[in-house]
Student: 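So that we are looking at the same thing, I have put the structure below in structure tokens.
Order of the sequence lines sets the chain letters (A, B, ...), proteins ahead of strands, with each chain counted from 1. The analysis underlying the following values was restricted to heavy atoms, covering all of them including side chains, and did not include hydrogens, waters or symmetry mates.
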There are 2 protein chains.
Amino acid sequence: MTRYQSLADDIARSIRQGLLRPGQRLPSVRQASAARKLSPATVFQAYYLLEAQGLVRSRPRSGYYVAPAAQRLPPEPDTASAPRGESRPVDVSALVFDVLESAMAREIVPLGSAFMSPALFPLARLGRAMAHEAVHLDPRSTVDDLTPGNAELRRHIALRYRVEGVELGAGDLVVCNGAIEALNLCIAATTRPGDAVLVESPCFYAALQTLERHGLRAVEVPTHPREGIELGALEAAIRRHAPKACWAMTRFQNPLGASLPEAKTRELVQLLARHDLPLIEDDVYGELHFGARAAPPAKAFDTRGLVLHCSSFSKTLAPGYRIGWAAPGRYTQQVARLKLTNTLATCVPAQLAIARYLQRGGYERHLRGLRKTLAQQQAAYLDAVARHFPAGTRVTRPDGGYFLWIELPPGRDALALQRQAAQRGISIAPGPMFSAERGYGRCLRLNYGHPLDARIEDALATLGALSAAPPA
Amino acid sequence: MTRYQSLADDIARSIRQGLLRPGQRLPSVRQASAARKLSPATVFQAYYLLEAQGLVRSRPRSGYYVAPAAQRLPPEPDTASAPRGESRPVDVSALVFDVLESAMAREIVPLGSAFMSPALFPLARLGRAMAHEAVHLDPRSTVDDLTPGNAELRRHIALRYRVEGVELGAGDLVVCNGAIEALNLCIAATTRPGDAVLVESPCFYAALQTLERHGLRAVEVPTHPREGIELGALEAAIRRHAPKACWAMTRFQNPLGASLPEAKTRELVQLLARHDLPLIEDDVYGELHFGARAAPPAKAFDTRGLVLHCSSFSKTLAPGYRIGWAAPGRYTQQVARLKLTNTLATCVPAQLAIARYLQRGGYERHLRGLRKTLAQQQAAYLDAVARHFPAGTRVTRPDGGYFLWIELPPGRDALALQRQAAQRGISIAPGPMFSAERGYGRCLRLNYGHPLDARIEDALATLGALSAAPPA
């Protein structure tokens, strides 16, 4: 399955790291095939994928060359963030809701949305699985499949983790109403009001809202835009603030797209374990890797039950079904009990539908297609950002997920840009949504999960023009 | 639809109040038909229903007589509860979970369960509605129908309230994962940790768990087993404890089955409004009335937006679908925002399935059948309690819902009985689960939502025998 993806991934990395320069010729298919011990067909597939991603161009009868677009792309942000890092109560929810509510209508261009296009999911096939389960529902399952959830679904989820090297059984999982409920319950299981929690800087705004709602304090930790949370700074924050938990996304972090290298993930788990500190791992984008595979999640290295791992099918298979889960380690009973008091249970027909879909196969094939589509969309959006945004803009090029993090040139104000864009029917997610300190005032998150059509091209042009000069 | 039910209800009330004595002959069909200005067929239907409920017996060629069983029934508890009524932190969750977890297996006799038999719901027809919606799902609805919920579903729910005289629009409703999420969010919207909340005594244990989880204090208010929370005591508790909210079930309260008469409900709303105090109204059993209709919920009298009314389809139509709602009055935006941070949204195909079911009709017919079945099951269980339980037992005869509240003779210990019953594969819900003060030590709640088969008859005989003498 993944040989050609693996090769394409290698080459893409070389291009991004500047080892292969724009205009440079790739080895011929014959050369690469011999050197890598791969079939010519595999090499062709890899080159084809790179071309679809906009990273290389073919010239008839001549071969493949690194695309000039790769040259024109704005630079990536390349230094770790530097939050003030004090422990502070969180007060972002009003801002987050104002921004989200201004972006809800269908006619708004969804660049600020947290959702990718629903057309990218196998909703028809999933619907047939649900139709079967709904019509053949065993009435007893309306009681049996309440919390902790349908056993067959949990078994399938556990099996998928095994393939990734994470040793989980069905009994380690609590099915929840999306990852967001799982994360809420994991925070409730590990903290009490007034406690400090370490978060990445910037971090997903829903994490901050969860802390705010539970009366917790946030401590932002420096985070590198490609390699994630900084471990030295993390340890310093532990010593300084005596937090009760750390909340992080180890893979394709929202909003940066950062992923921890495997060794760093292992070190993160060990570091937190030395301080007996639970890690709440939000892994909802882990399956959306463009390379052959992603580094394992932190849960893979959890020997002490201190990693409360949460994920869902909402970003990969079944938006709107609201099926997520927690693998809360030593907190499993607590989380299951909190689940009972929070929502009692998760929609049974939706659980059965996904269990049936997984049992009948096709999820891997769907994921391969989805990853490829998202990689292509990223290339197209990067290209548009390169064409429309002013000099001095920086933009990430994550290896997965569907968000770009854009740092505008000095003097720009992302909150002002958000308001100007909203007036023009365009949503963006301004940087201060992602920071308890209200940092990242000239940053924004762009969703590239929708195919780049003319409307979105226009919207990106508008955003670029609005960003061209600091507001008067 | 309801003339015969209304007549049956009148007669049943006369029997319960002792105006008609066991063995007494009912008026002939001809007499009743003339006196009440009803068709003979309507009178026949009413007598037939009363017979099915075990309240009257027919003697061929002679007429209908009040059944001897009506004589043999243990007396109802008839005085309001008398809790100590101090403001206290809540610590019942561990007890509740211990009891519930001991009762989860399918082979346990579910007398302590909170669920009625899933065979009583139109799951096949609902499943066909879901199959249709799942297969024809508009991908955009996976975004559009997130919180506050599918507009068509909310419109149908609002229409049902209009029929009851409650003026609600679709915009007043927030769809939630069952009533339990709605109640949690309403508590979060109206209180802060440390606040006091007034509750009925006894009250549904999930209310106590919600208070416990939110760090709130409970104040138990005297409650009458037929007529619900005592308004004089309620006002005294308001003056004494300055609570921030009151949580109550105005119709078929769990566990007592009490329902407030209409005038009392109105007075309750006015009393709380005078103190500017929100009422969190849990109305999940409101549709399960055995009489022609139930008194309106408190929401019907809410002129100031202070009633946060919550209900669901879980007890009436769609167990396991997890579709509930809140009508939170002036707190609607707050509750919708809390919903976004708690679980983001509610399963979209499940919302669409119920909207379609409601649109196509048949819900009223299903409810009529369900109410009749539950009334018959109540009669059968009351009869079994009368035969098996010791003298001195008291038992409620609610006009709706599916719970009996049993007060054992002095010296009995419901927690000990629960443990003895559990060893014999029988679950019950002991009284102390329903009280922050751990009161009601010789009371228990019995679920009559499962048809009384031989296994349940045996279990009731066992419980009766175990209750015959105080434990050594």
Student: What part of A:Asp138 gets closer than 4.5 Å to chain B, counting heavy atoms only: side chain, backbone, both or neither?
Tutor: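 The side chain, not the backbone.
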Student: Do you know which of B:Gly178, B:Gly324, B:Ala345 has the most heavy-atom pairs with chain A at a distance under 4.5 angstrom?
Tutor: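 Highest number of heavy-atom pairs under 4.5 Å: B:Ala345.
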Student: Which atoms of A:Glu101 are under 4.5 Å from chain B, going by heavy atoms: the side chain, the backbone, both sets, or neither?
Tutor: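 The side chain, not the backbone.
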Student: With distance as the sole test, does A:Glu212 use its side chain to make a donor-acceptor pair with the main-chain N or O of A:Val92 at under 3.5 Å?
Tutor: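 It does hold such a pair.
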Student: Considering only heavy atoms, which portion of A:Tyr321 lies under 4.5 Å from any heavy atom of chain B: side chain, backbone, both, or neither?
Tutor: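 Its backbone and side chain both get close to chain B.
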Student: Return the minimal non-hydrogen interatomic distance between A:Ala179 and A:Ser312, and the atom names on each side.
Tutor: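 Answer, listing the atom of A:Ala179 first, then A:Ser312: N-CB, 3.6 Å.
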Student: Checking the side chain of A:Tyr402 only, and the main-chain atoms of A:Ala114 only, is there a donor and an acceptor separated by less than 3.5 Å?
Tutor: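 Such a contact is found between A:Tyr402 side chain and A:Ala114 backbone.
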Student: Between atom CG of A:Leu308 and atom OG1 of A:Thr332, what is the distance when rounded to the nearest 0.5 Å?
Tutor: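 These two atoms lie 7.5 Å from each other.
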Student: Where on A:Thr147 is there a heavy atom nearer than 4.5 Å to chain B: the side chain, the backbone, both, or neither?
Tutor: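 Looking at A:Thr147, just its backbone touches chain B.
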Student: Using a 4.5 angstrom heavy-atom cutoff, name the option from A:Met130, A:Arg128, A:Arg140, A:Met104 with the most pairs to chain B.
Tutor: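 Going by pairs under 4.5 Å, I would pick A:Arg140.
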Student: Mind listing the closest non-hydrogen atom pair of B:Cys347 and A:Arg322 along with its distance?
Tutor: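 Shortest heavy-atom contact: N-CG, 3.6 Å.
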Student: Apply ring pair (Phe, Tyr, Trp, His ring centres under 6.0 Å) to the pair B:Tyr205 and B:Phe434, showing each step before the final yes or no.
Tutor: CA-CA 5 Å; B:Tyr205 50 77; B:Phe434 302 90; 5.5 Å; yes
Student: Heavy atoms only, distances under 4.5 angstrom: which of B:Arg213, B:Gln209, B:Arg106 has the most pairs with chain A? Name it, please.
Tutor: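 With the most close heavy-atom pairs to chain A, the winner is B:Arg106.
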Student: How far does CZ of A:Arg356 sit from CD of A:Glu152, to the nearest 0.5 angstrom?
Tutor: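 Rounded to the nearest 0.5 Å, the CZ-CD separation comes to 11.5 Å.
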Student: Kindly state whether the ring of A:Trp325 and the ring of A:Phe313 have centres lying under 6.0 angstrom apart.
Tutor: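 Ring centres of A:Phe313 and A:Trp325 closer than 6.0 Å.
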Student: Quick check for you: among A:Asp145, A:Leu137, A:Ile180, which has the greatest number of heavy-atom pairs under 4.5 Å with chain B?
Tutor: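 Heavy-atom pair counts peak at A:Ile180.
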Student: Can you tell me which portion of B:Ser113 sits under 4.5 Å from chain A's heavy atoms? Options are side chain, backbone, both or neither.
Tutor: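 For B:Ser113, there is no contact with chain A at all, as no heavy atom is under 4.5 Å.
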Student: Parallel, tilted or perpendicular: which describes the rings of A:Phe121 and A:His366, with under 30° parallel and over 60° perpendicular?
Tutor: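 Rings of A:Phe121 and A:His366: tilted, 30 to 60°.
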Student: Would you say the side-chain atoms of B:Tyr363 and B:Thr316 include a donor-acceptor pair closer than 3.5 Å?
Tutor: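 The answer is yes; a qualifying pair exists.
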Student: Is it the backbone or the side chain of A:Leu123 that comes under 4.5 Å from a heavy atom of chain B, or both, or neither?
Tutor: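 For A:Leu123, heavy atoms of backbone and side chain both lie under 4.5 Å from chain B.
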Student: Which one wins on heavy-atom pair count under 4.5 Å against chain A: B:Ala131, B:Ser141, B:Ala353?
Tutor: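 Of the candidates given, the most pairs with chain A belong to B:Ala131.
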Student: Atom CG of A:Leu146 and atom OG1 of A:Thr346: how far apart are they, to the nearest 0.5 Å?
Tutor: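 The OG1 atom of A:Thr346 is 9.0 Å from CG of A:Leu146, to the nearest 0.5 Å.
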Student: Could you verify whether a donor N or O on one side chain and an acceptor N or O on the other, from A:Asn177 and A:Thr343, lie under 3.5 Å apart?
Tutor: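 The answer is yes; a qualifying pair exists.
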Student: With heavy-atom distances below 4.5 Å as the criterion, would you say the side chains of B:Phe403 and B:Tyr285 are in contact?
Tutor: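 In short, these two side chains touch, coming nearer than 4.5 Å.
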Student: If contact means a heavy atom pair closer than 4.5 Å, which residues of residues 181-196 of chain A contact chain B?
Tutor: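 Counting heavy atoms that sit under 4.5 Å from chain B, the residues of residues 181-196 of chain A involved are A:Glu181, A:Asn184, A:Leu185.
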Student: Could you check which of A:Leu100, A:Asp144, A:Leu126, A:Val96 has the highest count of heavy-atom pairs closer than 4.5 Å to chain B?
Tutor: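 Winner by heavy-atom pair count: A:Asp144.
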Student: For the residue pair B:Ile280 and B:Ala245, what are the closest heavy atoms and their distance?
Tutor: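 Looking at all heavy atoms of both residues, the closest pair is CD1-CB, 4.2 Å.
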Student: Is A:Asn342 in contact with chain B via its backbone, its side chain, both, or neither, using a 4.5 Å heavy-atom distance?
Tutor: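 The answer is both parts of A:Asn342.
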Student: For residues 334-341 of chain A, give me every residue with a non-hydrogen atom less than 4.5 Å from any non-hydrogen atom of chain B.
Tutor: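 Checking residues 334-341 of chain A against chain B gives A:Arg337, A:Leu338, A:Leu340, A:Thr341.
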Student: Side-chain contact test, heavy atoms from C-beta onward, threshold under 4.5 Å: evaluate it for A:Val348 versus A:Asn150 and give yes or no.
Tutor: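 No, every pair of side-chain atoms sits at 4.5 Å or beyond.
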Student: If you compare all heavy atoms of B:Thr142 against all heavy atoms of A:Pro118, which two are closest, and at what distance to 0.1 Å?
Tutor: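 Taking B:Thr142 first and A:Pro118 second, the nearest heavy atoms are OG1-CB, 3.3 Å.
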Student: For B:Phe115, which atoms come within 4.5 Å of any heavy atom of chain A: side chain, backbone, both, or neither?
Tutor: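 Looking at B:Phe115, just its side chain touches chain A.
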Student: Please classify the contact between B:Ala206 and chain A as side chain, backbone, both or neither, with a heavy-atom cut-off of under 4.5 Å.
Tutor: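 No part of it gets close to chain A.
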Student: Looking at every non-hydrogen atom in both residues, tell me the closest pair between A:Asp283 and A:Ser311 and how far apart they are.
Tutor: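 In terms of heavy atoms, the two residues are closest at O-OG, 3.3 Å.
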Student: Checking A:Ser314 against chain B: side chain, backbone, both or neither under 4.5 Å from a heavy atom?
Tutor: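 Neither part.
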